[in-house]
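Heads up: the structure comes next, in structure tokens.
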Amino acid sequence: MSWRTIDRRTAAEQDLGPGLNDAVKEKIRSFFPRYPTKRAVLLPALHIAQDALGYISLRAMRELAELLELPPSAVLDVVTFYTHFWTHSRGRKTIVLCRSLTCELMGGGRVREGLEQRLGIGEHETTPDGQWSYMTEECLAACEHAPCLLINEKLHKGVQAEDLDRILVDPENDHLDMPRSTLFDAPAETKP
Amino acid sequence: MTFGRVLMRHVGVPNSTSLAVYKADGGYAGAARALQMTPDDLVELVKKANLRGRGGAGFPAGVKWTFLPKDRTVTYLCVNADESEPPTFCNRVLIDSDPHLLLEGVLIAAYATRTTVAYIYMRGEFCEQFHILQRALDEAYAAGYFGHNILGTGHNLECYIHRGAGAYVCGEETGLIESLEGKRGWPRIKPPFPAVEGLFRKPTVVNNVETLACLPHILTRGLDWWLSIGTANSKGPKMYCISGPVNRPGCYEAPLGLTCRELIYGADFGGGMRDGKQVKAVFPGGLSMGALRGDLFPKPPDGKVDPKQDYDELDCALDFDDVRKYDLLGLGTAAAVVVPEDADIRDVLLNVTRFYAQESCGQCTQCREGTAWMYKIAQRIRAGAGRRVDLDIIEETSRNMGMIPGLSICGLPDGAAWPIRTLIQKFRREFEQRIAAQEPGAAQSLIRRTNAAAYELPVLHGRAVQPAGGTFATPLDVAPPR
């Protein structure tokens, strides 16, 4: 892991990225009664913001800080600690590949090579057409189906390198078809 | 095997996540019974049951509850569903098929500890499970098991699901609390323990999903039933996970005390190795608990075991006590990953060290630096440029990190040191063979390729170098420049 420095203080207006709209802010406010402090809403708020914007932009960080009465540095502090949050824009679909010991023993290394070769990108990068982003995660807790990968919300189990072509062209590969409560539910069309 | 499934009885039942199916099978009867008792009686019952925490440390849940101060006004209950230890997935299976069992356990634990707000901290990678649990929670609220005046007893309980965002260290209880408060998941220095000062500086109980899922069964089936399962100090059923190249990877329930061999080869469990391979190593309790040697190293025919020699350790019983005889840290999550005979032990070491180097939170120096250092050495060994002294360096590093030598805030570095040290110690012969098979001078040439400047230092070859030609920094085997 390397340090990435962001010049937040003097960032130009156009470099701040997208901001949060009123509906998103209202959704975040609806979490306030759940916790005795506003700061505790930060993690749910970041989830909601990332679902809406695709990543946590500098402008979103500032707006969240204002909403939760925190210094913006505290928001950045939390954003950079958790691997789930992206600080730069990502593609429409994000592939999270598991690289735990079980997945590697079951052929995860070949899946990883195949994926990087097909997408032509490295970790935390986005394809030029804005379709795919890719990252690895330490364990997806689905080891009996190793090796596995997650596309947005959908878990693909028992993926071998030969299956990648089939999975990548499937238009429904990120569609988790199940009844759900409306909380935290990310409407896919708001993603860039 | 006559043991009937208890915790996993709804796995595979159609529509098992709905309240109707759960109630039809006697669901929420345990909670109804608990709400008839006084909270103190309930704590006493759980203490008598000796319900030991299923999250890894094995601390008795009832005793944990008695640490709460008597004169408290607000208590919080946190449910640890941040199942990040590779290769553990039993909580996922439980939530997938029986979310109401967890919610009933939350209700009972909240009543026993007089809690009115419960948070379920669920890891961010659980997408499907989040929707399942949230739907179940909505149903339970609608049926009056959560909210105000539950079942007419005057007890109130609000329950919220809080999603994590991908940090292993948030499975540590104070790390979880910090993360819930909206900070980075940095574990806190203890004392004060969470029971005294935890979430939002109020008394807090943190319990694992599987621990809470045991509570309804203790209440409905009674203490005698519970105490009849398991070994002397480890009572109750346990969910064992097995993954890797076995015929039937998955999650299986058994009384505590199952042996590792049974878990891998039992027809009701792992069902043997794929393609008839032999087991080289097993991590029987999640990575952090250390490694066991497999049946690739047979025991001597006379049955006498010389601890200095390699021998088969699969007879280790997976309960809270027996594992320590085999130099394991504890039972952990009882999730085994099997390393087959054809896997390179250097790959295993590389994967394990990378995991901890990635997931160390960075607060304590020996953990942050030690895990990264061991990862670098493992990379070097994997690249075919290891030295025998590297094995000693890793072993020494791993002995000097963690809570056991008293150097760290949380148990993560212990969990990092243990598997790495046991791997080096138990498989040292293979490491040394691999290092001996390297090209001569590979270690030096790797250093020269990656960091030419370091190679110029005259001490690298392990002896003082007389500078040739009057310049201090002349490499040994390169002619001095004209």
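What you see is a predicted model; the values in this text were computed from it and never measured.
- For CZ of A/R118, the number of neighbouring non-hydrogen atoms (other residues, nucleotides, ligands) closer than 6.0 Å is greater than 12.
- Between B/Y160 and A/F31, a ring centre-to-centre spacing not shorter than 6.0 Å is recorded.
- Residues satisfying the salt bridge (charged side-chain N to carboxylate O under 4.0 Å, His left out) test with B/E178, not counting sequence neighbours, are B/R188.
- Only the side chain of A/L176 comes within less than 4.5 Å of a heavy atom of chain B; its backbone N, CA, C and O stay farther away.
- For A/P33, the part lying near chain B is the backbone, with the side chain staying farther off; criterion is any non-hydrogen pair under 4.5 Å.
- Top candidate by heavy-atom pairs under 4.5 Å with chain B, chosen from A/K38, A/K154, A/E138, is A/E138.
- B/S97 meets the side-chain hydrogen bond (donor to acceptor under 3.5 Å, both in side chains) test with no other residue; sequence neighbours excluded.
- Interface check for chain B: of the options A/V96, A/L150, A/T37, the most heavy-atom pairs under 4.5 Å are formed by A/T37.
- With chain B as partner, the option from A/A142, A/A146, A/P36, A/G109 having the largest number of non-hydrogen pairs under 4.5 angstrom is A/P36.
- No side-chain heavy atom of A/C139 sits less than 4.5 Å from a side-chain heavy atom of B/E85.
- Contact count versus chain A (heavy atoms, under 4.5 Å) is highest, among B/Y119, B/F126, B/Y76, B/F283, for B/Y119.
- Under 4.0 Å is where a charged nitrogen must lie from a carboxylate oxygen, and between A/R180 and B/E128 no such pair does.
- Aromatic pair B/F89/A/H145: centroids not less than 6.0 angstrom apart.
- For a residue to count as touching a neighbouring chain, one of its non-hydrogen atoms must lie under 4.5 Å from one of that chain's; by this rule A/L105 touches chain B with the side chain only.
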